[in-house]
Colleague: 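Before I ask anything, here is the structure I am working with.
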Amino acid sequence: MSENCLKTLFYYVANKQRNSQDIEISSIGIQSDYEFIRIANDSFIIHPKVGENYSWTFLENSVLKLSSGDKTDNFTATVSSTKQDIYRKIVQIFLNHPGTTIRRLELVDYPDGLEQCKPLKVHHLRWNMSICSERFDYTTCFNCLRSFPIDTVEIIWNGADNMIFSEDVISSARNLGIKTRKALPIEAILKFKSSYLLIYQIISCDDFLILCESWLKNRKPIGTKINMKISTKEMYKFVERSDFKLLSTEENGKLYISMDESRSRIEITIMSSDRITVKVVNKD
């Protein structure tokens, strides 16, 4: 993008030009395929698959800064618009177009600007909500993420509720990593459809038994895997109780759990003193 186009783009976003017709999107070479997008409290970073990178940063005293590619010249201006209005303009220019694809989308807290965005095709979503999610209705910015399946989802969620995990595009992600302030109940964990699930919470012996029974009875697909934490004490209790409720054997340092009528079995691998991997494998 030429310096003049970049300058026009910056001053439109910074509200120095009020009319959106002042900027011709087609003339500045906006892409629809992005390698990386990061929307955070103080910055909006855009890495197109081809072309220059853009970094919008909020500095002190309401100063907005735009950096592009490896250019040493940056644009700065004092802005009167809110961060929400500025982010909406950036989304409107760069993302709000049919067919927009993002290889990796990283969101920090509430991602302003996405509320009216057209559907986005995202391959890898990482969302870190460090503030209490009760203060925001995440669903307003989530509409643009519901239309296409997401291959990999990582969520660090500090909210008081875990409603976001009932979103189908989250629960059905092929690879799902979850870290929450409030532990997920076993009923919620059982609803996940992911092939690989990584959970940063300690599971009890009783919940572990429920998970194994459910996976066997419901014939969870072969290869389904979950990585989670369990204390040594709870693991000992699980081994003792599983002998009464399920068929258990040990082979090559791994524990296998099965049922008479099941066509598969559960393979349990101890990864460390408090972490295990549970995988559905063939019975034979």
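Note that this is a predicted model, so its numbers are computed, not measured. Computed from heavy atoms alone, side chains included, the values below leave out hydrogens, waters and symmetry copies. Residues take their numbers from the sequence shown, with the count starting at 1.
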Colleague: Hey, does the side chain of Q201 reach the backbone of L184 with a donor-acceptor pair shorter than 3.5 angstrom?
Modeller: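 It does hold such a pair.
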Colleague: Which is it for K193 and D168 under the side chain to side chain contact (heavy atoms under 4.5 Å, CB included) test, yes or no, and what are the steps along the way?
Modeller: CA-CA 9 Å; K193 308 166 191 172; D168 189 63; 2.8 Å; yes
Colleague: Taking the six-membered ring of Y34, is NZ or CZ of R104 closer than 6.0 Å to its centre and within 45° of its axis?
Modeller: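 No cation-pi geometry.
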Colleague: Under 3.5 Å, side chain of E115 to main-chain N/O of G113, donor-acceptor pair present?
Modeller: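 Such a contact is found between E115 side chain and G113 backbone.
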Colleague: Taking the side chain as every heavy atom from C-beta outward, state whether L197 and T224 have any pair of such atoms under 4.5 Å apart.
Modeller: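 Of all side-chain heavy-atom pairs linking T224 with L197, none is under 4.5 Å.
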Colleague: Has the side chain of T100 got a donor or acceptor atom that lies under 3.5 Å from a matching backbone atom of L95?
Modeller: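 Yes; at least one donor-acceptor contact below 3.5 Å.
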Colleague: In the single-linkage hydrophobic clustering (I, L, V, M, F, W, Y; side-chain heavy atoms under 4.5 Å), do I226 and V239 co-cluster?
Modeller: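 Per the 4.5 Å side-chain linkage, I226 and V239 are co-clustered.
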Colleague: Taking a hydrophobic cluster as the set of Ile, Leu, Val, Met, Phe, Trp and Tyr residues connected by side-chain heavy atoms closer than 4.5 Å, whether directly or through intermediates, do Y87 and V79 fall within one such cluster?
Modeller: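 Same cluster.
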Colleague: Donor-acceptor check, side chain of S242 to backbone of L209, threshold 3.5 angstrom: yes or no?
Modeller: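 No; judged by distance alone, with no hydrogens or angles, the pair does not exist.
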Colleague: Answer yes or no: is there a donor N or O on one side and an acceptor on the other, between the side chain of S166 and the main chain of M163, under 3.5 Å?
Modeller: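 Answer holds: yes.
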Colleague: Tell me if the NZ atom of K225 is crowded by more than 12 foreign heavy atoms within 6.0 Å.
Modeller: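 Counting neighbours around NZ of K225, 12 or fewer heavy atoms of other residues, nucleotides or ligands fall under 6.0 Å, so no.
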Colleague: Under the criterion side chain to side chain contact (heavy atoms under 4.5 Å, CB included), I'd like the reasoning laid out for W56 against I86: C-alpha separation, chi angles, the key distance, then a yes or no.
Modeller: CA-CA 10 Å; W56 306 80; I86 288 174; 5.6 Å; no
Colleague: For R103 and E35, indicate whether the former's side chain and the latter's backbone hold a donor-acceptor pair under 3.5 Å.
Modeller: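 Side chain of R103 to backbone of E35, a donor-acceptor pair under 3.5 Å: no, none is there.
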Colleague: What I want to find out is whether D42 reaches K83 closely enough, with some N-O distance under 4.0 Å, to be called a salt bridge.
Modeller: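 Result for this pair is no, no salt bridge flagged.
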Colleague: Run the salt bridge (charged side-chain N to carboxylate O under 4.0 Å, His left out) check on D206 and K237 step by step: do they pass?
Modeller: CA-CA 9 Å; D206 292 335; K237 287 165 63 177; over 6 Å; no
Colleague: Considering the options L105, V91, I45, which one meets the side chain to side chain contact (heavy atoms under 4.5 Å, CB included) requirement together with I37?
Modeller: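 Filter result, single survivor: L105.
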Colleague: Looking at K279, I'd like to know if its NZ atom is crowded, meaning that more than 12 non-hydrogen atoms belonging to other residues, nucleotides or ligands lie closer than 6.0 Å.
Modeller: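 Not buried by this count: 12 neighbours or fewer within 6.0 Å.
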Colleague: Examine distances only and state if a side-chain atom of N53 and a backbone atom of H47 form a donor-acceptor pair shorter than 3.5 Å.
Modeller: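 Flag not set: sc N53 to bb H47 has no pair under 3.5 Å.
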Colleague: Is there a donor-acceptor contact under 3.5 Å from the side chain of K283 to the main chain of S262?
Modeller: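 Pair found, side chain donor or acceptor close to backbone of S262.
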Colleague: Side-chain heavy atoms nearer than 4.5 Å, only ILVMFWY residues, links allowed to pass through others: does that put W157 and V169 together?
Modeller: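 Linked within one cluster.
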Colleague: Is Y12 reachable from F44 through a run of hydrophobic residues whose side-chain heavy atoms are each under 4.5 Å from the next?
Modeller: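 Yes; Y12 is reachable from F44 via cluster members.
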Colleague: Evaluate whether atom CD1 of I202 has more than 12 neighbouring non-hydrogen atoms of other residues, nucleotides or ligands under 6.0 angstrom away.
Modeller: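 Result for CD1/I202: open.
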Colleague: Taking Y196 as the starting point, is it possible to reach W127 by hopping between hydrophobic residues whose side chains are less than 4.5 Å apart?
Modeller: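 The answer is no; the residues belong to distinct hydrophobic clusters.
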Colleague: Using a 6.0 Å cut-off, check whether atom CD of Q84 has over 12 heavy atoms from anything other than its own residue.
Modeller: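 For Q84, atom CD is crowded (more than 12 foreign heavy atoms under 6.0 Å).
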Colleague: Tell me whether the count of non-hydrogen atoms from other residues, nucleotides or ligands lying under 6.0 Å of OH in Y200 goes above 12.
Modeller: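 Not more than 12 within 6.0 Å, no.
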Colleague: Tell me which donor-acceptor pairs under 3.5 Å the side chains of residues 263-271 have, and how far apart each pair is, sequence neighbours excluded?
Modeller:
unit_1, atom_1, unit_2, atom_2, d
R265, NH1, E251, OE2, 3.1
E267, OE2, Y256, OH, 2.8

